[in-house]
Amino acid sequence: MSFIFEGFGKVVGNTVVLPSIQLTIEKKDVVAIQADMEYMHAFLSLMEEDRSYMTNEIRLSDGVLHGVEDLFFYRTNMGEYKRLTPEQTIRFWCDLYGVRVDIERILALAELNEVRNKKNKGLTFSEKKRLQFARSLIQPTTIYIFQEPTYHIDLQSKQVLNRILNELLKKDSFIIILTSSLEESIRIGTKVFRLTDRGLQRLEYNEEAEEEVEEKEASDTEDETIYQQRFEKISAKSDDKFILFDPLEIDFVETRDRQTILHVNNEEFISTVSMKDIETRLHIYGFFRCHRSYLVNLQRVREVVVWSKNSYSLTLENEKTVPLSKSRYGELKELLNW
Amino acid sequence: MNVQQIKVLMIRELKDLRFNGQVLLLFFTAFAMIFFIYVLNNLTITFSNEQITFFKGMTSLLSFISILVTMYTQGNIMVEEKEQGTGILYRLMKIRRINIFLAKSIVTYSMSYLLFTIGMIIYGYSLVQILMASIFTIPFFCMWLLIGTAIAEYAKNTIDVSLYGWPIMIVYFLIEGLVYSSILNKLTILFPNYHIERGLTLIENDDFTSGLKFMIVPFIWGGIALLFLIKRRQKKVSIEA
């Protein structure tokens with residue numbers, strides 16, 4: 001069974017509110033869609049409209065989808081009753097959905113046991129969000145939509161989210177994560193897409209196949225690298241001038257929208273050099289290709305966070321996180337000897 | 001109408017209301033008013049050979065209960081869903097608004113009715129009078145429930161509810177004053193205050209058949225409030241669409 005979006009989009013007058021989306025999600029897929037706020041809201045609003053289900057723009061390949069009530073939604077603006085406790089809230093949701101679940105287990109999974117009798121208004125922002133994540137374990141559905149689930153939450157809550165997503169995947173669910181952060185979408189999703197005015201574009205393909213291609217490319221250019229001279233500066237364009245950065249100033253380099261972006265002191269600069277070239281040049285300065293789209297300065301890395309056996313990220317000294325792909329994890333482990 | 005859903009929503013509301021400071025304050029203020037009005041009502045002052053009586057027993061108490069408890073509590077608990085962002089879940093679950101309204105209204109009505117009954121017992125009403133007065137006040141309480149809900153439709157938060165409720169309260173008590181003073185009596189006949197006063201007085205005198213006839217105007221006002229609410233809701237839905 002697949003969850004299908006077909007011609008899912010909206011045009012008002014001459015304005016494209018949401019570009020047409022064609023997407024098929026298979027069971028156990030965690031589809032992460034990186035989009036700006038405008039498209040994200042348009043996407044969610046359209047998902048809430050009955051029209052999308054009536055016209056089969058959203059449907060199940062083998063099953064009936066009545067409407068928005070058949071889907072789980074986690075939205076950033078959803079609140080909780082401030083005078084109830086997490087335990088009472090969970091009981092209320094169980095009664096509302098008409099299901100019997102093991103409340104102890106849900107509290108444990110959401111790591112809310114310690115605050116189970118504390119009023120919701122006294123919970124921290126992250127605890128409140130964990131409570132909302134817990135609702136996904138109660139609602140009887142297999143389709144889950146999360147909007148910015150990791151926005152502003154602490155590390156503990158991110159781990160809870162991972163655990164809950166794994167729980168949901170155990171029951172052959174379809175999960176869609178909408179986020180504005182590319183790093184988060186790469187970290188959480190098994191399939192990553194970007195929603196832009198050009199529509200929905202797959203960002204990451206089969207990682208292993210790509211690794212092979214990259215390895216081949218690397219071997220082809222091996223001879224060239226021998227002759228490469230040591231570059232001391234990396235150039236970036238800012239307005240009408242070019243800035244030259246000392247390699248060690250750079251925190252990490254990212255490829256976004258086919259552009260190479262240098263992250264320096266919490267600022268972004270578009271580089272004139274390609275990612276591949278930068279990688280070659282900065283290798284000797286301790287830069288490491290942690291992901292297909294990221295090159296990180298290892299001197300800036302403070303933590304290697306293991307979310308699950310397939311999900312890793314690097315936390316830099318400036319608190320920013322950079323995804324670390326599964327295949328690169330072993331390489332980094334070897335490199336850093338831990 | 002989903003009875004199970006209404007029951008679940010009601011139970012949650014009751015759990016929540018126990019700790020709702022605003023609602024509790026209004027409830028206990030109305031409770032204190034039972035005794036306050038009772039004492040003042042029995043205190044008659046003679047001024048220039050004219051006897052001045054403060055308040056008018058159950059009629060005055062009913063006005064306080066219906067505004068402080070019925071209107072404000074209903075407004076507050078309805079708007080809280082919007083304020084806290086908890087209403088989004090109901091919208092996504094496609095829980096009908098009528099079910100939410102009914103669940104909250106039953107709770108608010110019960111609170112108001114409890115106070116009203118305590119008042120009637122204290123003011124010495126007989127069991128039959130209490131029963132008749134309970135039937136008589138149904139459209140009146142419903143009217144205030146609808147007004148409270150309409151305020152919540154306009155308001156963004158509980159502060160707005162307090163703000164929008166004040167003018168309604170002032171106008172209502174102003175009309176109430178006119179009813180008691182018999183000034184502009186012909187005009188006051190249009191408002192529910194007059195009919196509540198007359199109806200309750202007749203019930204007090206055990207003239208139940210005539211008393212219950214005064215339910216008609218409060219019932220019409222309840223209908224007007226309902227139409228107003230429906231209109232407002234339709235407008236809101238069309239704007240959202």
Side-chain angles (χ1 to χ4, degrees), chain A residues 10 12 41 44-51 53 65-99 117-123 128-129 131-132 134-136 138-141 143-147, chain B residues 1-27 73 76-104 107 111 152 156-159 236-241:
Chain A
K10 193 176 184 179
V12 177
H41 283 294
L44 289 167
S45 304
L46 209 55
M47 283 211 80
E48 285 179 22
E49 282 180 23
D50 286 336
R51 185 185 65 90
Y53 303 88
L65 204 56
H66 298 101
V68 69
E69 69 273 24
D70 290 346
L71 275 63
F72 167 85
F73 273 89
Y74 166 89
R75 298 204 58 166
T76 47
N77 54 351
M78 271 178 167
E80 46 286 306
Y81 291 102
K82 54 187 178 187
R83 287 175 286 271
L84 296 189
T85 63
E87 191 177 345
Q88 285 173 331
T89 308
I90 289 171
R91 280 186 199 284
F92 165 63
W93 284 334
C94 289
D95 293 339
L96 200 61
Y97 289 120
V99 289
N117 293 319
K118 196 174 174 181
K119 295 231 165 52
N120 289 344
K121 63 179 169 188
L123 302 182
K128 283 178 187 170
K129 295 297 166 193
L131 181 60
Q132 290 289 347
R135 191 167 52 82
S136 64
I138 301 167
Q139 186 173 344
T141 180
I143 304 163
Y144 298 85
I145 322 284
F146 290 85
Q147 180 197 7
Chain B
M1 197 186 300
N2 187 331
V3 179
Q4 180 58 26
Q5 226 167 45
I6 294 172
K7 195 178 140 193
V8 171
L9 293 171
M10 260 173 61
I11 293 168
R12 189 216 58 79
E13 203 63 63
L14 283 169
K15 281 182 187 165
D16 194 76
L17 274 183
R18 289 179 300 168
F19 303 104
N20 189 331
Q22 259 174 318
V23 170
L24 288 181
L25 181 73
L26 291 168
F27 184 83
T73 302
N76 280 334
I77 63 176
M78 286 298 285
V79 85
E80 270 195 343
E81 299 287 357
K82 209 188 296 182
E83 195 180 13
Q84 292 173 158
T86 43
I88 301 167
L89 180 63
Y90 299 148
R91 196 189 70 217
L92 293 172
M93 281 183 75
K94 285 199 179 157
I95 293 179
R96 294 180 67 202
R97 287 188 69 84
I98 183 80
N99 292 351
I100 301 168
F101 169 76
L102 284 174
K104 289 181 188 291
V107 174
M111 284 170 66
K156 286 188 189 76
N157 48 42
T158 48
I159 299 165
K236 209 172 176 184
V237 168
S238 68
I239 290 167
E240 280 168 3

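As a basis for the values below, the full set of heavy atoms in this structure was taken, side chains included, without hydrogen atoms, waters or symmetry mates. Because the structure is a prediction, the values reported are computed rather than measured. Order of the sequence lines fixes the chain letters, A, B, ..., with proteins taken first and strands second; residue numbering starts at 1 for each chain.
Remark: the Y90(B) side chain and the Q5(B) side chain contain no N/O donor-acceptor pair separated by less than 3.5 Å. Side-chain atoms of Y97(A) and Q139(A) form a donor-acceptor pair, as typed in the model, at a separation below 3.5 Å. For the residue pair T89(A) / N120(A), a side-chain donor-acceptor distance below 3.5 Å is found, with atom types taken as modelled.
Two residues are said to be in side-chain contact when any heavy atoms from C-beta on lie closer than 4.5 Å; M111(B) and V23(B) meet this criterion.
When heavy atoms are compared at a cutoff of 4.5 Å, I95(B) approaches chain A solely by way of its side chain, counted from C-beta outward. Using a 4.5 Å cut-off between heavy atoms, R91(A) makes no contact with chain B at all.
Among the candidates K82(A), E80(A), R83(A), E48(A), the residue making the largest number of heavy-atom pairs closer than 4.5 Å to chain B is R83(A). Interface summary for chain A: among I88(B), L89(B), T86(B), the most heavy-atom pairs under 4.5 angstrom belong to T86(B).
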